[in-house]
Amino acid sequence: MAMSPRVSLPVATIDASQRLIFETTEDQDRAWQIGVFYLRAPRSLELDKVRCFGEGLSFPDSPYREIPKYGELEGFISLENNQQTKLALQRHRWDEHYPPEIANFGRKLDEIGIGIVREVFHQSGIPEQHWGPASGGYAAGEGTAFLNFVHYDTREPDLGLRPHTDYGFVTILDATAPGLQVELDGSFVDVPVLEGHLVINFGEALNFITQRSDRTVSAIVHRVTTQSASNPVRHSIVYFANPCLDGYLQQYDSQGRRQGSSTVHRLFESLEHKLTEDN
Ligand SMILES: O=C(O)CCC(=O)C(=O)O
Ligand SMILES: [Fe+2]
């Protein structure tokens, strides 16, 4: 297979007060502009243990494969026309179906996700009283979130995951092997696994709610290359920070004036078709 160029991404950390810090303002500018960066993983996450849990799900006899489907988006799902197979659950079901340490891990990712979204709002100039309503509750600790455990079915010839942007605000990704690529200047480049770091990318809903503010973030197009049985096995832990799915998103400017809104359904529907339709 032809090698793709590798990208060098900005690196951020989360400080003790859950604020997102970049080494330089240029790094932060680039993260906002391209919509993706690395985040040093806080040690308290105990990623190794959570990775083990995810690996267990790829075995055919895993009891987690019996978790029922809740609608289209939750449960044990094999995505059509993609190799991606996943157990996906929204926050309000974590305690019912995940072991306590996994549900707690999800809540630690909630804190990170909220910290990142709040930093985006800080930079946007949107007055703080609007952050909750603008984000369908997410910035105020509501909204919803998915904690998904993903693997790639190498018996299928498809791409691991077709090119797409994520729907929500922020995606937090931990992957064990190469395969993720992002689109920069019209071509796909590899995002190497950086030990001890998560990959963060911004989604469409965050782009939408910052569009009329002082600082808009981009939602980056990304994909996962076709995984074959001879590749190192790619497992990933994916957390999606989302608005309440039945709610609204609001666009505010830095004067606190409402400039536009959308139902979450309307924004997400258009994106779903792009990912799974055969074309
Ligand atoms: O598995 C990965 O690395 C990427 C997953 C992803 O992009 C997604 O689920 O939206
Ligand atoms: Fe994605």
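All ligand and atom numbering here is 1-based and tracks the order in the structure.
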Enquirer: Atom 6 (C) of ligand 1: which protein heavy atom is closest, and how many Å away?
Expert: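 Of the protein heavy atoms, Leu161 CD2, 3.3 Å lies nearest.
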Enquirer: Please work out whether the ring planes of His151 and Phe76 are parallel, tilted or perpendicular, with thresholds of 30° and 60°.
Expert: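 Ring orientation, 0 to 90° scale: tilted.
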Enquirer: As an exercise, identify every atom of ligand 1 less than 4.0 angstrom from a heavy atom of Phe240.
Expert: 8 (C), 9 (O), 10 (O)
Enquirer: Test of geometry: compute the angle NE2(His164)-the Fe ion (ligand 2)-NE2(His222) and round it to 10°.
Expert: 90°
Enquirer: Taking just the N, O or S atoms of Asp166, which one is nearest to the Fe ion (ligand 2)?
Expert: OD1
Enquirer: Show which atoms of ligand 1 fall inside a sub-4.0 Å distance from at least one heavy-atom site of His222.
Expert: 7 (O)
Enquirer: How close do Glu156 and Gln83 get, heavy atom to heavy atom, and via which atoms?
Expert: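 Heavy-atom minimum between the residues: O-NE2, 2.9 Å.
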Enquirer: Students should be able to answer this: which protein heavy-atom is nearest to atom 1 (O) of ligand 1, and at what distance?
Expert: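 Here the nearest protein heavy atom works out to Tyr152 OH, 2.4 Å.
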Enquirer: Centre-to-centre under 6.0 Å for Phe149 and Phe53, is that the case here?
Expert: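 Distance test on ring centres: under 6.0 Å, yes.
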Enquirer: Quick test: of every protein heavy atom, which one is nearest to atom 9 (O) of ligand 1, and how far off is it to 0.1 Å?
Expert: Gln84 NE2, 3.2 Å
Enquirer: Counting non-hydrogen protein atoms only, what is the nearest one to atom 3 (O) of ligand 1? Give residue, atom name and distance.
Expert: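 Among all protein heavy atoms, the one nearest atom 3 (O) of ligand 1 is Arg234 NH2, 2.2 Å.
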Enquirer: Angle class for the Phe202/Trp32 ring planes (parallel below 30°, perpendicular above 60°, tilted otherwise)?
Expert: perpendicular
Enquirer: Go through the side-chain N and O atoms of His197 and Asp174 and say whether any donor and acceptor fall under 3.5 Å apart.
Expert: no
Enquirer: Thr144 and Gln90: side-chain donor and acceptor closer than 3.5 Å?
Expert: yes
Enquirer: Please could you name the atoms of ligand 1 that Asp166 approaches to less than 4.0 Å, counting only its heavy atoms?
Expert: 10 (O)
Enquirer: Heavy atoms only, cut-off 4.0 Å: how does Leu173 contact ligand 1, side chain, backbone, both, or neither?
Expert: side chain
Enquirer: Identify which one of His235, Gln84, Gln227, Lys86 satisfies the side-chain hydrogen bond (donor to acceptor under 3.5 Å, both in side chains) criterion when paired with Tyr152.
Expert: Gln84
Enquirer: Angle class for the Tyr138/Phe169 ring planes (parallel below 30°, perpendicular above 60°, tilted otherwise)?
Expert: tilted
Enquirer: For His164, which part has a heavy atom under 4.0 Å from ligand 1: side chain, backbone, both, or neither?
Expert: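 The part of His164 near ligand 1 is the side chain, not the backbone.
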